[in-house]
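Numbering of residues begins at 1 and proceeds along the displayed sequence. All values reported here derive from a predicted model rather than from experimental measurement.
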Amino acid sequence: MHKVSRLFLLFSFATTAPVFAQQSAIYTNDLREYNKAVSLYKEKQYQAAQIIFEKVKAENENKNSDVEADCAYYIANCAIRLNQANADQLMEGFVEDYPTSTKQNQAYIEVAHYYFEQGKYPQSMKWFDKVDESTLSQDDRDKYNFQKGYTFFTSGNKKEASNYFNQVVNSKEYGSQAKYYLGFMAYESDDYTKATKLFDEVSGEEKYQDKMSYFQADMNFKLGKFDKAIELGKAAMAKSNALEKSELNKIIGESYFNLKQYDKAIPYLSEYKGKKGKWSNTDFYQLGYAYYKQGDFENAIAQFNKIIDGKDSVAQNAYYHLGESYLKTDKKQQALNAFKNASEMEFDAKIQEDAYLNYAKLSYEIGNSYQSIPGVLSGFIEKYPNNPSRAEIETLLINSYITSKNYKEALVLLEKNKTSNREAYQKVTFYRGLELYTDGSYQEALSMFKKSLGERSNAKFTARATFWKAETEYVLGNFQEALLTYKQFTGSAEAKNTPENKNVNYNIGYTYFKLKEYDQAATNFQSYIAGAKDDKVRLNDAYLRLGDSQYVTAKYWPAMEAYNKAIDMKGIDADYAAYQKAMSYGFVSRNEKKIEDFNTFIANFPKSQLRDDALYELGNTYVAENKIDLAIKTYDKLIAEYKGSSYASKAILRQGLVYYNAEKGDLALTKLKKVVAEFPNTPEALEAVSTARLIYLDKGKVDEYATWVRTLDFVEVSDAELDNDAFEVAEKQYLQNNLKPAISALTSYVAKFPNGVNSLKANFYLAQSYFADGLENNAIPNYEFVIAKPRNEFTEQSLARLSQIHLKKADYAKAVPVLKRLEAEADYPQNITFAQSNLMKAFYEQKDYDDSVLYAERVLANAKTDDKVKSDAQVIIARSAIKINNEAKAKTAYAKLLTIAKGELAAEALYYDAYFKNKDGKFETSNTAVQKLAKDYSGYKYFGAKGLVVMAKNFYGLKDSFQANYILESVLKNFKDYPDVIEEAQKELDIIKGEEAKRNSSIQN
């Protein structure tokens, strides 16, 4: 209810001169000075009069007590009128010194009237209280009662004021004024009937009309007489001051509002200036609602969204209609926030329910960062089971399990009641399986695909789940199970209608390949090739694997044809195809062509990982063709260019054998001893020792051989037979995959023969056995033994395994040097990619952002890197750039990441897309990115929460304070698990509230 409390004072008092009794007979011509002083007093010449009275008083002291008393009276009166500091004391002194003076009561009343006329009401009341009313005439009593009543009125003592005013309501001089003030007090006490009666009694007097018209307008408004309030308010407008006009605009505007005449209400409500320059939530609501009813939704929004921190029925109504206004202007995210706010208030149950319904529908339509969409929808059904829209919401609930992509939370709900939503359960478990597969959680993914296959409501999803179950089994190394499941997929009638069907022959081909059933593998790769269209990468790979399948089964000419197709595509692994083709020529007795192709390979692929392989094979082929000089030169080239290659020891050994076969013993011994010296403990070293023994024997230098061989710690001549026997037993267990017996036998061998002939292989086998048995820490010393030896056939795999162990423990200090060696020494491209990708992660975890970015860029430069690893690289670059405040680089990296990322990385990239758009002032498009984040990646709550903070900043940038404030409040309420997000949200909220407080200090309309 509109409430006004104002004080309008009307005062008009006639000033009367003091009345004095007739002077007694003592006044004679001798008292000329006294009479002169009295005349000056009457003429208000108080200073002059006071001086003469003081002189006369002094002359009559102890002579004429009446004159002395009268002089004291006048001296005190003059002091009061001159506002002298001791006036009170003088009057008190007069009363005390001359108690029998006839002027004593007159003194009280005169001083009281004087202070009253000066507006000094507290001083006036002090003297009024001393007056003896019984001695006053009727006129003096009326004046006394009115002035004392008014004095009580000014002090706020309405009860006493009423008592005195009521005593003069019939007074000719004071009656109208008394009725006016009695009416005003009744008005302030909301006694409008009494106030109206009293105001009506003085309405004929013009001096009251201007002021009473405001009160009467307000009273009629409060009495619900809105038409009368409008009439009186308009009449009073022209005669009112600025403050009164503001109040009258409110009365008139709100009266039109209550009469539902919203078009007429708007101009008056808009002119209201507020209480002390500020509008209340009700003020904003009424103007906003008036605009809303007129269909002016933009202006309605502008008013509604100024209601911040509203916690009452007015705020609930405002937020509900704000939501509707946003819907009318197609601002759905803003509408969702407004309806959510209204739905959380309980002042009006009907509005709360309808707001919740709109909130639920919008959540499904555009996404929701606060709650899972299925959670919102099921929450509505649970709270309002009898709502007429229940069937519609149930349909949306089922669809939301799919469209929200929040499969993890959807499963929690579906597991409780999957029997009534079997198809939804089938789809959700399938999509959750895909998520887990993408994240590398293969066992969990397999479990999901099996659950999906347990529900066969939708044949297409049954087929798709079958395919991905096979994919997961393949990744887990269960190739027989995978093959069976792939065949189940191809046997499904719906398989041809799935997106997976186009690649099934390719996948089956790989499965047969892993099972070493190469003929079947070739058949399936050929089938895939026959139907392949746009996927050039997979087609290229299919040609390679087709060639490999035929190569392994000695079908070299068909293999070469397949390799030629891969070479012609000029795609990934063209070097591999060229290498395999050259090798194939050797197997069909076309060594000249083999030599030609390897020379071409060496020229065309100078950076190929297979270049050292090619040089080695080329050298071997020259030997086979008895082109010894070319063979030696080729081996020299290999040794010079690839000192760390596993072929280096083999090439030197080959040179030694070539010289031996050519009966160049000394040259042979030089090469053989070089192998032994530079590559001890390797199979090549052992073979070199054996061949050297033959050369020494041929030369008859057995003693020289014995002397040399005793310097070799890995050759224990006396224990050689025992060494080999012990290792053979251990190796047999290892090769049969009997892990426990293998570990026992290999441990025993290594202890007995730490530098034995087979120590290198034994340590590698033991490390592999520990690793396979889950005893990874035990494997570390054995892998370290292998990598400490010169480059050998086990070095690369040992480096890879050892780095895995260190990475699993997040021991980056140990992992990094191992990974660097793996990168430098690996022959297999996959191991190089593995090393580089993990080096970038390790450096990032160690906060070495420069090296982290360096390795990420190496990963991206590798054309063979798959999308998942590329995503990791891009995010490392982006995160590193953020850490070193290089936002330009981060922006570019996140933009690239957004094109290839999936799952959580996609959510992160989308958040930063919104973040950078906000920084660029692109608030609308930034909000679009946040909405996409909420709709497509609602399962990733952390980035959803951070996205909401960006959205709040966007809305504040768009001057929508309500949205900004509400979103930040919701973040603080709903995301306490993320302290950094809470801190950021609180900081932004403090900024916004600080700015809004400044704005609200001035009039808002």
Side-chain angles (χ1 to χ4, degrees), residues 1-4 214 217-218 220-222 224 226-227 229-230 233-234 237 240 242-329 331 334-335 337-339 341-342 345 347-348 351 355 955 958-966 996-1005:
M1 181 65 90
H2 183 65
K3 175 73 178 172
V4 178
Y214 168 81
D218 187 43
N220 277 282
F221 170 79
K222 291 172 180 174
F226 302 121
D227 289 319
I230 292 168
K234 288 181 177 180
M237 191 71 76
S240 302
L243 187 59
E244 293 163 357
K245 285 180 179 179
S246 172
E247 295 293 339
L248 287 169
N249 275 310
K250 181 62 173 172
I251 291 169
I252 297 168
E254 198 168 339
S255 294
Y256 276 128
F257 182 90
N258 290 329
L259 292 170
K260 296 182 169 51
Q261 297 177 28
Y262 302 109
D263 56 332
K264 295 179 180 177
I266 289 170
Y268 290 100
L269 292 175
S270 299
E271 286 299 313
Y272 178 55
K273 305 304 180 185
K275 296 289 187 215
K276 296 183 179 179
K278 291 187 178 182
W279 277 29
S280 68
N281 287 347
T282 301
D283 301 330
F284 289 125
Y285 168 73
Q286 288 177 341
L287 182 56
Y289 188 79
Y291 281 124
Y292 169 82
K293 295 298 288 186
Q294 290 300 104
D296 186 349
F297 301 113
E298 291 292 352
N299 271 320
I301 290 168
Q303 298 305 319
F304 286 141
N305 71 18
K306 291 175 183 175
I307 300 175
I308 297 175
D309 294 333
K311 302 295 180 186
D312 53 24
S313 59
V314 171
Q316 185 184 24
N317 268 280
Y319 296 147
Y320 177 80
H321 289 108
L322 175 59
E324 290 199 315
S325 299
Y326 278 130
L327 278 184
K328 295 289 187 181
T329 53
K331 296 176 180 176
Q334 294 94 316
N337 291 331
F339 283 129
N341 201 1
M345 297 183 177
F347 303 103
D348 187 315
I351 287 179
F955 278 124
L958 293 167
K959 304 193 184 310
D960 192 335
S961 302
F962 163 76
Q963 293 292 333
N965 187 82
Y966 179 72
E996 286 303 298
K998 292 178 187 176
R999 268 187 215 172
N1000 289 340
S1001 64
S1002 58
I1003 296 171
Q1004 300 185 41
N1005 58 346

What distance separates His321 NE2 from Ile351 CD1, expressed to the nearest 0.5 Å?
6.5 Å
Just do the side-chain contact (heavy atoms from CB on, under 4.5 Å) check on Gln963 and Tyr326 with the steps written out, would you?
CA-CA 11 Å; Gln963 293 292 333; Tyr326 278 130; 3.0 Å; yes
Look only at the side chain of Ser325 and the backbone of Ala300, and say whether a donor-acceptor pair between them is shorter than 3.5 Å.
no
Under 3.5 Å, is there a donor-acceptor pair between the Tyr291 and Gln303 side chains?
no
Side-chain donor/acceptor of Tyr966 to backbone N/O of Asn341, under 3.5 Å
yes
Ring pair (Phe, Tyr, Trp, His ring centres under 6.0 Å) partners for Phe339, two or more places apart:
Tyr320
Do any N or O atoms from the side chain of Asp283 and from the backbone of Ser280 form a donor-acceptor pair under 3.5 angstrom?
yes
For residues Gln294 and Tyr262, report the shortest heavy-atom separation together with the two atoms involved.
OE1-CB, 4.0 Å
Specify whether Tyr292 and Phe297 have parallel, tilted or perpendicular ring planes, treating 30° as the upper limit for parallel and 60° as the lower limit for perpendicular.
perpendicular
Considering all heavy atoms, the nearest Leu269-Gly253 contact
CD2-C, 3.6 Å
Search all heavy atoms of Ile266 against all heavy atoms of Leu287 and return the closest pair with its distance.
O-CD1, 4.0 Å
Residues Asn249, Met237; criterion side-chain contact (heavy atoms from CB on, under 4.5 Å); working and verdict
CA-CA 8 Å; Asn249 275 310; Met237 191 71 76; 3.7 Å; yes
What's the spacing between Leu958 CG and Lys331 NZ if we round to 0.5 Å?
8.0 Å
As an exercise, state the distance from CG of Asp960 to CG of Asn305, rounded to the nearest 0.5 Å.
4.5 Å
Where the side chain of Gln316 meets the backbone of Met345, is there a donor-acceptor pair that is under 3.5 Å apart?
yes
Nearest heavy-atom approach of Asn281 to Val314 is O-CG1, 4.0 Å
Side chains of Phe226 and Tyr256: does their closest heavy-atom pair fall under 4.5 Å?
no
Heavy-atom pair of closest approach, residues Phe257 and Gln286
CE1-O, 3.3 Å
Atom pair NZ/OH of Lys260 and Tyr289 - distance to nearest 0.5 Å
7.5 Å
Would you check, one step at a time, whether the test side-chain contact (heavy atoms from CB on, under 4.5 Å) holds for Phe955 with Asn337?
CA-CA 12 Å; Phe955 278 124; Asn337 291 331; 4.3 Å; yes
So, does Tyr285 use its side chain to make a donor-acceptor pair with the main chain of Ile307 at under 3.5 Å?
no
From Ile230 atom CD1 to Ile251 atom CD1, the distance as rounded to the nearest 0.5 Å:
11.0 Å
Rounded to the nearest 0.5 Å, what's the gap from NZ on Lys273 to CG on Leu243? Could you check?
11.5 Å
What closest approach, in Å, do Gly323 and Ala335 show between heavy atoms, and which atom pair accounts for it?
O-CB, 3.6 Å
Flag the pair Lys275 and Glu247 as a salt bridge only when some basic side-chain nitrogen lies within less than 4.0 angstrom of an acidic carboxylate oxygen.
yes
